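Below: the structure, in structure tokens.
Chain letters run A, B, ... following the sequence lines, proteins first and then strands; every chain starts at 1. Note that the structure is a prediction, hence the values are computed from the model and not measured.
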Amino acid sequence: MAKKYKSLRGIRDISGAEAAGFNEIISKASELLEKYGYERIFLPVIEYTNLFARSIGEDTDIVSKEMYSFKDKKGRDISLRPEGTAGAVRSLIQADQLSGKIRRKIYYFGPMFRYERPQKGRYRQFYQLGCEVYSFPSPYHDAEIIEIADKLLKLCRVKDYSLGINSLGCAEDRSSYKKAVKKKLEGKVEKLCPDCRRRLKTNTLRVLDCKNSRCREIYQELPGMDDFLCDDCGDYIEKLRQILDSRGVKYSIDSGLVRGLDYYNGPVFEFKVNDSAVIAGGRYNKLVRELGGPDMPACGWGLGMERLVAAANLEPASQKKAALIKVEGGRIETCRRIADNLRNKGISVSEGYEDISTGKKFKITDKNRIVKVVIIGGEEEKNKTVTLRDMETGKQESVPADDVESLARKILAKKILARKTDV
RNA sequence: GUGGAUGUAGCUCAGGGGCAGAGCACCUGGUUGUGGCCCAGGAGGCCGCCGGUUCAAAACCGGUCAUCCACCCCA
């Protein structure tokens, strides 16, 4: 037997209930976002590596150790995108969509790639849905994307999620805060965990996110970021809080929330379920400029599909389904005509023309959890009728073949329940 | 990148140096115009891969790859 091929490490196939969940979340999210004026864009999954290095930050873990990078046939350094924002900004600048525009709102969905050890809710190829607003900085925009995220989680019936908010301030605020943190910790470096000792040098603010209890104790004494915010940044986050309060969005201030991408400044936020971030984002006012575009502030978030599907309580997809079974004496033309008639009525119809026993056809129908079956055979052809069978009750009735209305009504009539308990 | 657990049939797993196993699923027939239940039969495996120890390895040892979990980090 030939060798069986396997998918790459951390790269999975998504099918069945999970795939249905993806479908449903995408349709809920895009409907919601479009109501707010966001337009979908489709972006490439590969870009030049330096786009990500420049935007996300050379020293971040994502760029320094988690990028799926390689050389193409001409030796160019390219990477599979680890997130969506860099490509979105690149695309808008390239098409000159930002200069002179007052506002631009976009959303995207697709696979992202990070070369990490796979774990629960974390894969090398994973899917993100994200949205972004490019416009003058107004806390109403920050509030809007947070509100949309909140609504989406509610639409997906996610239970027990929490929203944390923080302000990273502007570059000046951050650098004075960093200095203060370093100074305060100077004499205590030996007491910190090895990770924090490293972070202190490479990515100072990340120490605040440490889970180590001894580190946390030490950090209790640190001043908060909010003490270092300039008036503008302080007013901005305050205004955002007021707007969220007035819209009934619940949140808490989380001064340890620092984010792993360098391009953020100002407000940042995370929606968490069981300590795992499901939707996270913030403001990035300097990014467009950094990537060669005009001075265009922006904010946005990204959503982890695998994590959201796992946390969501979605209704099973609507079950407007029927199967069509041709038995001895039935004509394929008749079956096709009736199947199409029903499809025009919004019913999903699967036809089975395999040359197998009738029992087998019913068995397949049962396996596919289809409850309503339209049977067409010699008897029906002669009487110009079809037989409609309910697989749950076992009852059958005869319906005129071309009375599409009544046939469709009967198929949709009873809400189809889950299959009799599999005992 | 670090640590732990686990790789045996499609799935869930048992076994433990000497015949490759169970349940579920699958296929055929009983019943070629009727599924589930029942009965009878069947198919399916280099026991993850490579090497070592041994008369003999699925089992013991080493390596490797993969999966899961935790850490790091992140969505």
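- One atom, OH of A/Tyr123, and another, P of B/A66, lie 17 Å apart when rounded to the nearest Å.
- With both ends at atom P, the span from B/A56 to B/G23 equals 35 Å, rounded to whole Å.
- Considering only heavy atoms from C-beta on, A/Leu412 stays 4.5 Å or farther from A/Lys345 through its side chain.
- In this structure a side-chain-to-backbone donor-acceptor pair under 3.5 Å is missing from A/Arg307 to A/Ile279.
- Residue A/Arg117 has its side chain nearest to B/C69 when only B/C69, B/U34, B/A75 are considered.
- When each of A/Asp275 and A/Ser7 is assigned the nucleotide of RNA chain B with its nearest heavy atom, A/Ser7 is the one assigned upstream, toward the 5' end.
- In this entry B/C47 has no Watson-Crick or G-U wobble partner, no candidate having both defining distances under 3.5 Å.
- B/A9 is unpaired under the Watson-Crick or G-U wobble criterion, no partner having all donor-acceptor distances under 3.5 Å.
- Rounded to whole Å, the C1' atom of B/A70 lies 30 Å from the corresponding atom of B/G15.
- Minimum atom distance to the side chain of A/Arg9 is reached by B/A66, of the listed B/A70, B/A66, B/C72.
- Among the atoms of the strands shown, only primed sugar atoms or phosphate atoms (P, OP1, OP2) are found under 4.0 Å from some heavy atom of A/Gly10.
- Residue contacts for A/Gly121: at a heavy-atom cut-off of 4.0 Å it reaches a base atom on one of the strands shown.
- The distance from atom CD of A/Glu66 to atom C1' of B/C72 is 9 Å, rounded to the nearest whole Å.
- The gap from the P atom of B/G10 to that of B/C69 amounts to 23 Å, rounded to the nearest Å.
- Under a cut-off of 6.0 angstrom, the local environment of CD1 in A/Ile46 is sparse, with at most 12 non-hydrogen atoms contributed by other residues, nucleotides or ligands.
- Whole-Å rounding puts the A/Ile11 CD1 to B/A66 P distance at 11 Å.
- Using a 4.0 Å cut-off between charged side-chain N and carboxylate O, A/Asp245 and A/Arg241 make no salt bridge.
- Between A/Tyr115 and A/Tyr68, the two ring planes are perpendicular [angle over 60°; tilted spans 30° to 60°].
- With both pairing distances under 3.5 Å, B/G17 is matched to nothing as a Watson-Crick or G-U wobble pair.
- A parallel orientation is assigned to the rings of A/Phe109 and A/Tyr127, their planes being inclined by less than 30° (bins at 30° and 60°).
- The phosphate of B/A75 has neither OP1 nor OP2 within less than 4.0 Å of any side-chain N or O from A/Arg122.
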Check nucleotides 28-33 of chain B against the protein and report each pair of N or O atoms closer than 3.5 Å, with its distance, or say if there are none.
residue, atom, partner, partner atom, Å
B/G33, OP1, A/Glu328, OE1, 2.5
B/G33, OP2, A/Glu328, OE1, 3.3
B/G33, O6, A/Gly378, N, 2.9
B/G33, O6, A/Glu379, N, 2.7
B/G33, O6, A/Glu380, OE1, 3.3
B/G33, N1, A/Glu380, OE1, 2.9
B/G33, N1, A/Glu380, OE2, 3.4
B/G33, N2, A/Glu380, OE2, 2.9

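- Straight-line distance between the P atoms of B/G21 and B/G16: roughly 15 Å, to the nearest whole Å.
- Residue A/Lys272 has no polar side-chain atom (N or O) positioned under 4.0 Å from OP1 or OP2 of B/A75.
- Side-chain contact, A/Arg283 with A/Tyr236: a donor N or O sits under 3.5 Å from an acceptor N or O.
- Under the 4.5 Å side-chain criterion, counting only non-hydrogen atoms from C-beta, A/Asp173 is in contact with A/Met225.
- Taking a pair to require two hydrogen-bonding distances under 3.5 Å in either a Watson-Crick or a G-U wobble arrangement, B/C71 pairs with B/G1.
- To the nearest 0.5 Å, the span separating CD1 on A/Ile364 from CD1 on A/Ile356 amounts to 4.0 Å.
- Rounded to whole Å, the C1' atom of B/U6 lies 48 Å from the corresponding atom of B/U32.
- If you take CD of A/Glu116 and C1' of B/C71, they are 12 Å apart, rounded to a whole angstrom.
- Comparing B/A25, B/A75, B/U34 by their closest approach to the side chain of A/Arg307 singles out B/A75.
- Contact between the side-chain N/O atoms of A/Gln119 and the OP1/OP2 oxygens of B/A70 is found at a separation under 4.0 Å.
- Note on A/Gly330: nothing from the nucleic acid sits closer than 4.0 angstrom, heavy atoms only.
- The side-chain heavy atoms of A/Leu291 and A/Arg54, taken from C-beta on, include a pair separated by under 4.5 Å.
- Taking atom P on both B/A43 and B/U28, the two are 14 Å apart, rounded to the nearest angstrom.
- Here B/U34 presents its P atom at 12 Å from CE of A/Met391, a figure rounded to the nearest Å.
- Separation of the P atoms belonging to B/C74 and B/A5 is 28 Å when rounded to the nearest angstrom.
- Summarising the base pairing, B/U31 is matched to no nucleotide, lacking a Watson-Crick or G-U wobble pair whose two defining distances lie under 3.5 Å.
- Taking the P atom of each, B/C65 and B/C50 are spaced 15 Å apart, rounded to whole Å.
- Searching all strands for a Watson-Crick or G-U wobble partner of B/U53 with both distances below 3.5 Å returns nothing.
- Regarding A/Arg389, its CZ atom lies at a distance of 8 Å from the P atom of B/G35, rounded to whole Å.
- For A/Asp13 and B/U67, the CG to P distance is 12 Å, given to the nearest whole Å.
- Taking atom CH2 of residue A/Trp301 and atom P of nucleotide B/C74, one finds them 20 Å apart after rounding to whole Å.
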